[in-house]
Amino acid sequence: MPELPEAETIVRGLRTAVLGEVIRRVDVLHQDILRQPKAEFVRGVKGRRIDGVGRRGKNVLIRLDRDRVIAVNLGMTGRLLPFPTLPRGDGRPRHPAVRFRFESGALLIFDDTRRFGTVEVFTEHEWQGRSASMGPEPLDREYRARDLFEALQRSRAPARSWLLDQKKIAGVGNIYANEALYLAGVHPQREARQVSHRESVALHRSLRRVLRDAIRAGGTTIRDYRNAEGGRGEYARQLHVYGRDGEPCLKCRSHICRIVFANRSAFYCPTCQPVPTQ
DNA sequence: AGTGTATCCTGCAGGC
DNA sequence: TGCCTGCAGGATACAC
């Protein structure tokens, strides 16, 4: 579910809601969400103040005082929802996994239907180590088309698999990988190292454009994604290929195709994104 | 070393 | 109505 634009939208909404809050107590309702023993997690966060909210790839980072950072990976259905008081009745999250309760009485709830998400506390140093194993941020000013081209050259993976690999590039998921490939005219199964320099420039441009436009639209809600206010993202209306199999290509009216590889659906236009030449 | 596949989990839509 | 199958925005342990 949430990719870079969704995580970014959540971060922006969360910042105002939780900055300065002090964590008084933590309820772990689903321990499988944690990537460390519950006691260790609780010890790492309890009593600390939230000093910042940021993002790395698809991860939401909640920075605490005294050298701790909570990294939240939202998985497919994860939500981070702040509440002024413990929610009751209809507005209550249906699959709360971790509840942070603040000194002020307010709360932050990590809710995750499928529980593919993770919540983990690190020291800043530990987090830097984790972050270093991830690829560059595609929206960074310093991230150039040449970087993308050179990295693509080193891989035989299909272009879409390459884009989904967080170690290669951070924050790109299935929706935006397919969208960017379409706009660049690159077939999702093209071998990464076969992507030309010219195509790399187009892909670099389309990736950044798609991610930026999606942030501007508040992300893409297909079904589950909600921002920190519980609202939907509006980028679904701007999708060119994702989820549009059988519908006409917006450029050439060919039927959009859907194929499955690496256990994920890929969408492309057979005319605008020519099939890889064996 | 680098890639593809199966798997974790719940819910929903569509076919019969 | 109910049962079944397939599908879903992610990440990763494993086999090759």
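Here is the naming used below: chain letters follow the sequence lines, and residue numbers restart at 1 for every chain.
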I'd like to know if [X] pairs up with [Y] as an ion pair, taking the criterion as any Lys NZ or Arg NE/NH1/NH2 lying under 4.0 Å from an Asp or Glu carboxylate oxygen.
| X | Y | answer |
| --- | --- | --- |
| A:E6 | A:K58 | no |
| A:R154 | A:E150 | no |
| A:D112 | A:R114 | no |
| A:E199 | A:R190 | yes |
| A:E8 | A:R12 | yes |
| A:E137 | A:R56 | yes |
| A:R68 | A:E124 | no |

> A:V195, A:L207: one ILVMFWY side-chain cluster at the under-4.5 Å cut-off?
Replying inline: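 Same cluster: A:V195 reaches A:L207 through Ile, Leu, Val, Met, Phe, Trp or Tyr contacts under 4.5 Å.
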> Counting any heavy atom closer than 4.0 Å, what does A:Y176 reach on the DNA or RNA strands: base, sugar-phosphate only, or nothing?
Replying inline: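 If one applies the 4.0 Å heavy-atom cut-off, A:Y176 turns out to touch nothing in the nucleic acid.
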> Nucleotide by nucleotide, 5' to 3', does protein get under 4.0 Å of the base (B), only the sugar-phosphate (S), or neither (-) in nucleotides 8-15 of chain B, counting heavy atoms?
Replying inline: BBBB----
>> Please enumerate all residues that pass side-chain contact (heavy atoms from CB on, under 4.5 Å) together with A:R205, with sequence neighbours excluded.
In response: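 For A:R205, the residues satisfying side-chain contact (heavy atoms from CB on, under 4.5 Å) (neighbours in sequence not counted) are A:V201.
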Listed once per pair and sorted, the salt bridge (Lys or Arg N to Asp or Glu O under 4.0 Å) pairs that draw on [range], sequence neighbours left out:
| range | result |
| --- | --- |
| residues 246-265 of chain A | A:R244-A:E247 |
| residues 26-43 of chain A | A:R25-A:D27, A:D27-A:R99, A:D27-A:R101, A:D32-A:R115 |
| residues 155-184 of chain A | A:D165-A:K167, A:D165-A:K168 |

> How far, in whole Å, is C:dG6 from B:dA6 if one measures between their P atoms?
Replying inline: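 Looking at atom P only, B:dA6 and C:dG6 are 14 Å apart.
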>> Would you measure the distance from the P atom in B:dA1 across to the matching atom in C:dA11 and give it in whole Å?
In response: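 Approximately 23 Å lies between the P atom of B:dA1 and that of C:dA11.
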>> Once ring pair (Phe, Tyr, Trp, His ring centres under 6.0 Å) is applied, what residue pairs with a partner in residues 96-124 of chain A remain, sequence neighbours excluded?
In response: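 Sorted pair list: A:F122-A:W127.
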>> With ring pair (Phe, Tyr, Trp, His ring centres under 6.0 Å) as the rule and sequence neighbours excluded, what pairs involving residues 17-49 of chain A come up?
In response: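 Of all non-adjacent pairs touching residues 17-49 of chain A, none passes ring pair (Phe, Tyr, Trp, His ring centres under 6.0 Å).
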>> Among residues 157-172 of chain A, which ones have heavy-atom contacts with DNA chain B below 4.0 Å?
In response: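 Residues of residues 157-172 of chain A that come under 4.0 Å of DNA chain B are, in numerical order, A:A157, A:P158, A:S161, A:K168.
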> Going by heavy atoms closer than 4.0 Å, what residues in residues 227-238 of chain A are next to DNA chain B?
Replying inline: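 The stretch gives none, as no residue of it lies under 4.0 Å from the strand.
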>> Is A:N174 close enough to C:dG10 that one of its side-chain N or O atoms is under 4.0 Å from OP1 or OP2 there?
In response: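 For A:N174, the contact criterion (side-chain N or O under 4.0 Å from OP1 or OP2 of C:dG10) is not met.
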> With Watson-Crick and G-U wobble geometry limited to distances under 3.5 Å, how should the secondary structure of DNA chain C be encoded in dot-bracket form, using | for bases paired to another strand and [ ] for crossing pairs?
Replying inline: .|||||||.|||||||
From [atom1] of [X] over to [atom2] of [N], roughly how many Å is that when rounded to an integer?
| X | N | atom1 | atom2 | answer |
| --- | --- | --- | --- | --- |
| A:E120 | C:dA11 | CD | P | 14 Å |
| A:R156 | B:dG4 | CZ | C1' | 14 Å |
| A:M76 | B:dT7 | CE | P | 16 Å |

> With distance as the sole criterion, is a donor-acceptor pair present between the side chains of A:Y242 and A:S265 under 3.5 Å?
Replying inline: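 The criterion, which ignores hydrogens and geometry beyond distance, is not satisfied for A:S265 and A:Y242.
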> Does A:H95 have any ring-ring contact (aromatic ring centres under 6.0 Å, His included) partners at least two apart in sequence or in another chain, and if so, which?
Replying inline: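 Checked A:H95 against ring-ring contact (aromatic ring centres under 6.0 Å, His included); zero matches.
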> What are the residues of residues 258-266 of chain A, sorted by number, that bring a heavy atom to within less than 4.0 Å of DNA chain C?
Replying inline: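 Those residues whose heavy atoms fall under 4.0 Å from DNA chain C, taken from residues 258-266 of chain A in numerical order, are A:R258, A:R264, A:S265.
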